[in-house]
Amino acid sequence: MHMFRTHTCGALRSSDVGAKVKLSGWIHSVRDHGGVIFIDLRDHYGKTQIVVDPKMHFYQELDRWRVETVVCFTGTVVARTPETVNPKLETGEIEVAAEEMEVLGEADVIPFQIAKDEQAPEALRLKYRFLDLRREKLHENIILRSKVISEIRRFMCDMGFMEYQTPILTSSSPEGARDYLVPSRVHPGKFYALPQAPQQFKQLLMVAGFDRYFQIAPCFRDEDARADRSPGEFYQLDVEMSFVTQDDIFAVIEKLLCHIFTKFSRKEISSAPFVRIPYREAMAKYGTDKPDLRNPLEMIDVSSVFADSGFNAFASTVKNGGVVRAIKVPGIGGAQPRKFYDDMIAFAQSVGAKGMAYIIWTAEGEKSPIVKFMKPEELAQLKAMASIQPGDVMFFLADKEAKVLEIGGQVRTELGNRLGLIDPNVFKFCWIVDFPMFELDEETNQIIFSHNPFSMPQGGMEALLNKKPLDIFAYQYDIVCNGIELSSGAIRNHRPDIMYKAFEIAGYKRETVDERFGGMIRAFKLGAPPHGGIAPGVDRMVMLLADEPNIREVIAFPFNQQAQDLMMNAPAEVDMKQLRELRIIPLEPELKFEETFKKLKAEAARIREIEQTAQAAAKA
RNA sequence: GGAGGCGUAGCUCAAUUGGUUAGAGUGCCACCCUGUCACGGUGGAUGUUGCGGGUUCGAGCCCCGUCGCUUCCGCCA
C-alpha cells in the first residue's frame, strides 16, 4: 500500500535512531557539498535534515528540483555526531539518510524567498499568499490565531455561554458603517446586506431567552483600511448577556482576556479588575479615548496660570475661551539636546499646533524661551501643580480645548516613543466608561446622539426627564489595550418608553423611530430582559499576542488596503448572464449617477411605450 | 474624498546630489567542493530606473501630470 509518511518533519528524535522512515514535505533549503547533499525538509510540524549520499541512484537527478518542490524521502534515521548536532532544530540530534526519493509536486522558481528572512512587497506577498503563509512567522501567526479562537470557545463554554449562529444574508441596518449589499435574484431591485455585526440578532436571542450568547462572528463593513483595521471583513468575539449590569460584563471579559493573554503571551498583563477611566477624564489626560497606559505621561490643565500672564500668546488664548495644557516629562532636563526640543515643536506643528512652548527646570533655575514673559509666582504655581523636581520638563500647548487635546494626545505619544517610555513587554488594559449619551452638533447646535443611540442612559427614564441632556451618561464602554481599542459595548436600552424618550431628545419623532427601528421595538414590547454585551475584535487580539504591527499579518487571506483580494482577483466583473438574472446594469464609474439613472429610467419607459404601441398595432 | 512617504534587476538596496557603458547582495543558470544547517568557491545571464510630458548640451536624480503601494485624517452606530 502506498503511503506518504510514517512521521512528520518535526517528529523524529534520537530515540528513533535506526528506524526506517518516510517523510514528505517541501524542500526548504539545499546544501550541495559535491560529495554529499543536505536537504532541509519542511512541513507544518517542523524541519528534518535529509542526507543524500552520491551512491544513491537519484543523486544526479536531485539537481533538477528547486526549493519548495514537494518530495517524499524514504530512509533510515541516523544519529548526528556531537559536533554536527543542530540545537536550533527540534530534530537537530538526528538526520535521515535517504534511500528513495519521489517528487510529489514540482515547484517553479518562486517569486520571493521563503527560507530567508526577506521582506517582499506586500502586493506580491498577497498575490502569492499561499507561499507567504509557508514563511515561518506568518505560519506561526495563523496557528496562534487558530489556538486563540479554540481556547476562546472552550473558555466561553466553560463560563456557561453557548455559541449561536446568526444570518450572513440580512437586511441593511440604518445606522453605522456602509453595508456590503447582495442583490436578490428572486426579488429584482432588492438587496440583502451582509451584517456589520450580529447586533440585532444577538439582542433578539436575549429576548428569546437564551441568556448567555457568544459567537466568533464575521462582520462586514465597507469602510477604508487602517494598519489595525482590515477592510471588508473581520471577526469579533460577539458576546451578549441577560440580567446583567455593566460590572457583570466587565468581570466576564476581564476573566477571559486575562486567561487568553496569559496563556498565549509571556508579557506582563494588567490584573483584574482593569482600571476604569471616565471618557472625559481620558480625553483630558490623554487626548484620546483609547490611551496607551504604558505611556506614563499625562496632560494637566494650566489655563488658570496663564490667564493673566505676561506671555501674551497664551493669555489671549485663554481670554478667548481657549485652554493651555501641559505635559510634564520627568527627569530629562539635562539629558536632551536643543535639537530634541526643536524636533518636538516641529512634530507638534506637523499635527496642527500653532507652536509649542517648554520649560526646563534645572537646579540653577528655569531654561525656557517663555520664562522671561512670566512672573515668579506663575512659575511657582506651575511647579506646585505638577510637583516639579529639578530635571523635569514641561511642554505647553494653547488653543481651543478640542484641538489642544487632540494635538496633546499625539505629542504625548510621540514623547513616549522618542524617549523610550513605552515598555514593549507589558499589556495594559483599561475600560473607558461613562460616555456621554448626547452631544451638541457644532454646526446645527442641535442635540444628537454622541455614540450609540441604543445604549441605556445611566439613570434611565428619570435621567432623561430631569437631567440636562449633555449631563447624561450612557452605560457604554470600550476595552482598550496598549492604545488599541479592542471593543465597544453597552448595556442596551430594552425599554420602548425610554427609547422613544431618548430619540425625542435627539429630535426624532415617534413615527420615525417606529419606521426605522420598528422590528426591535416590537420585540422589546413583548417581554425583553435587561441585557448588554460587547464584541472584542479577534484579529486585534491575535495581532497584539503575535506582536504584529499590521492586522494583515494575522489573517490568512486578507484584502489589501483597497479591499481587493489579489490572489482570487476579487472583486471582479461578472457575466452578463448573472447581471441579467439580477436585473443590474453597472454604471461606468465616471458617469454621474443621479442623471444617468433618470435618463435610463426615462429611456426604459419610452421603450416600454414603443413595445406596447407595437403590440396594440399587431392586435389591430 | 484629503495629506504625507515611497517607486532603480525576481527580491533587498546603492549610484559621490544633473555628468562616461546604472552597481552590490540575494535569487536564477553552469561548473567545483564529503559535514553543512543563511554552507563555501569560480564564472554567467538578468534593467522601458512605474508611466507620460517638460527643463537641460546631458535626467534614475530637477519640474508638471498620471498610476501603483503605504501610513495617517475623513469614515469605522
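Numbers restart at 1 for each chain; the letters A, B, ... are given by sequence-line order, proteins then strands. Quick caveat: nothing in here was measured; it's all calculated off a predicted structure.
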How far, in whole Å, is [M] from [N] if one measures between their [atom1] atoms?
N       : M       : atom1 : answer
rC37(B) : rU42(B) : C1'   : 23 Å
rC28(B) : rG68(B) : C1'   : 27 Å
rG35(B) : rC6(B)  : P     : 48 Å
rG50(B) : rG10(B) : P     : 13 Å
rG47(B) : rU8(B)  : C1'   : 8 Å
rU71(B) : rA30(B) : P     : 40 Å
rU26(B) : rC64(B) : C1'   : 37 Å
rG7(B)  : rU46(B) : P     : 25 Å

Candidates [options] - which lies nearest the side chain of [X]:
X       : options                   : answer
T84(A)  : rG74(B), rC69(B), rC37(B) : rC37(B)
Q49(A)  : rG74(B), rU70(B), rU36(B) : rU36(B)
Q561(A) : rU71(B), rG35(B), rC76(B) : rU71(B)
R80(A)  : rC75(B), rU71(B), rU36(B) : rU36(B)
R229(A) : rU71(B), rC69(B), rG74(B) : rG74(B)
S29(A)  : rC29(B), rC37(B), rC39(B) : rC39(B)
R226(A) : rA77(B), rC73(B), rU70(B) : rC73(B)
D224(A) : rG1(B), rC76(B), rC11(B)  : rG1(B)
P453(A) : rC37(B), rA77(B), rC39(B) : rA77(B)
Q564(A) : rC76(B), rC69(B), rU36(B) : rC69(B)

Given atom [atom1] of [X] and atom [atom2] of [N], what is their separation to the nearest angstrom?
X       : N       : atom1 : atom2 : answer
W65(A)  : rC28(B) : CH2   : C1'   : 17 Å
Y477(A) : rA77(B) : OH    : C1'   : 15 Å
E95(A)  : rC39(B) : CD    : P     : 15 Å
I114(A) : rU12(B) : CD1   : C1'   : 16 Å
D63(A)  : rC28(B) : CG    : P     : 12 Å
R135(A) : rA38(B) : CZ    : P     : 17 Å
E548(A) : rU71(B) : CD    : P     : 13 Å
I39(A)  : rA38(B) : CD1   : P     : 16 Å

Parallel, tilted or perpendicular: ring planes of F73(A) versus F58(A), cut at 30 and 60 degrees: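 Tilted, since the angle between the ring planes falls between 30° and 60°.
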If only side-chain N and O atoms of [X] are considered, is one of them under 4.0 Å from the OP1 or OP2 phosphate oxygen of [N]?
X       : N       : result
R64(A)  : rA30(B) : no
N550(A) : rU71(B) : yes
R31(A)  : rC39(B) : yes
Q113(A) : rG10(B) : no

Is a donor from one side chain sitting under 3.5 angstrom from an acceptor on the other, for [X] and [Y]?
X       : Y       : value
Q476(A) : R492(A) : no
E439(A) : H451(A) : no
D43(A)  : T8(A)   : no
D238(A) : Y213(A) : yes
D179(A) : Q196(A) : yes

pi-stack flag for H33(A) and rC33(B), centroid dist under 5.5 Å, interplanar under 30°: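 Per 5.5 Å and 30° rule: no stacking.
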Stacking check F112(A) vs rC11(B) (5.5 Å / 30 deg):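 No, the aromatic ring of F112(A) does not stack with the base.
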Residues Y477(A), Q246(A); criterion side chain to side chain contact (heavy atoms under 4.5 Å, CB included); working and verdict: CA-CA 9 Å; Y477(A) 37 84; Q246(A) 183 168 287; 3.3 Å; yes
Heavy-atom protein contacts under 4.0 Å, nucleotides 40-46 of chain B, coded B base, S sugar-phosphate only, - none: -------
Short side-chain to backbone donor-acceptor contact, D478(A) and V480(A), under 3.5 Å: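 No.
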Backbone of V554(A) reached by a side-chain donor or acceptor of N141(A) within 3.5 Å: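 Pair absent, no side-chain N/O of N141(A) close to backbone of V554(A).
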Please work out if [X] contacts a base, only the sugar-phosphate, or nothing of the nucleic acid, heavy-atom cut-off 4.0 Å.
X       : answer
R552(A) : sugar-phosphate
P121(A) : sugar-phosphate
K47(A)  : nothing

Across all strands shown, which nucleotide pairs with [N] by Watson-Crick or G-U wobble geometry, both distances under 3.5 Å?
N       : result
rG40(B) : rC32(B)
rA3(B)  : rU71(B)
rU56(B) : none
rG10(B) : rU26(B)

Check: Q199(A) side chain, rA77(B) base, donor-acceptor under 3.5 Å: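 Indeed there is one.
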Salt bridge E240(A)-K202(A), side-chain N to carboxylate O under 4.0 Å: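 The answer is yes: the pair qualifies as a salt bridge.
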Check ion pair E223(A)-R229(A) (N to O, under 4.0 angstrom):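 Judged by the 4.0 Å cut-off on N to carboxylate O distance, E223(A) and R229(A) do not form a salt bridge.
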Syn or anti conformation of rU17(B), syn meaning chi within 90° of 0: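 rU17(B): syn glycosidic orientation.
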First of R66(A) and A227(A) reached from the 5' end of RNA chain B, by closest nucleotide: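 The residue whose closest nucleotide sits nearer the 5' end is R66(A).
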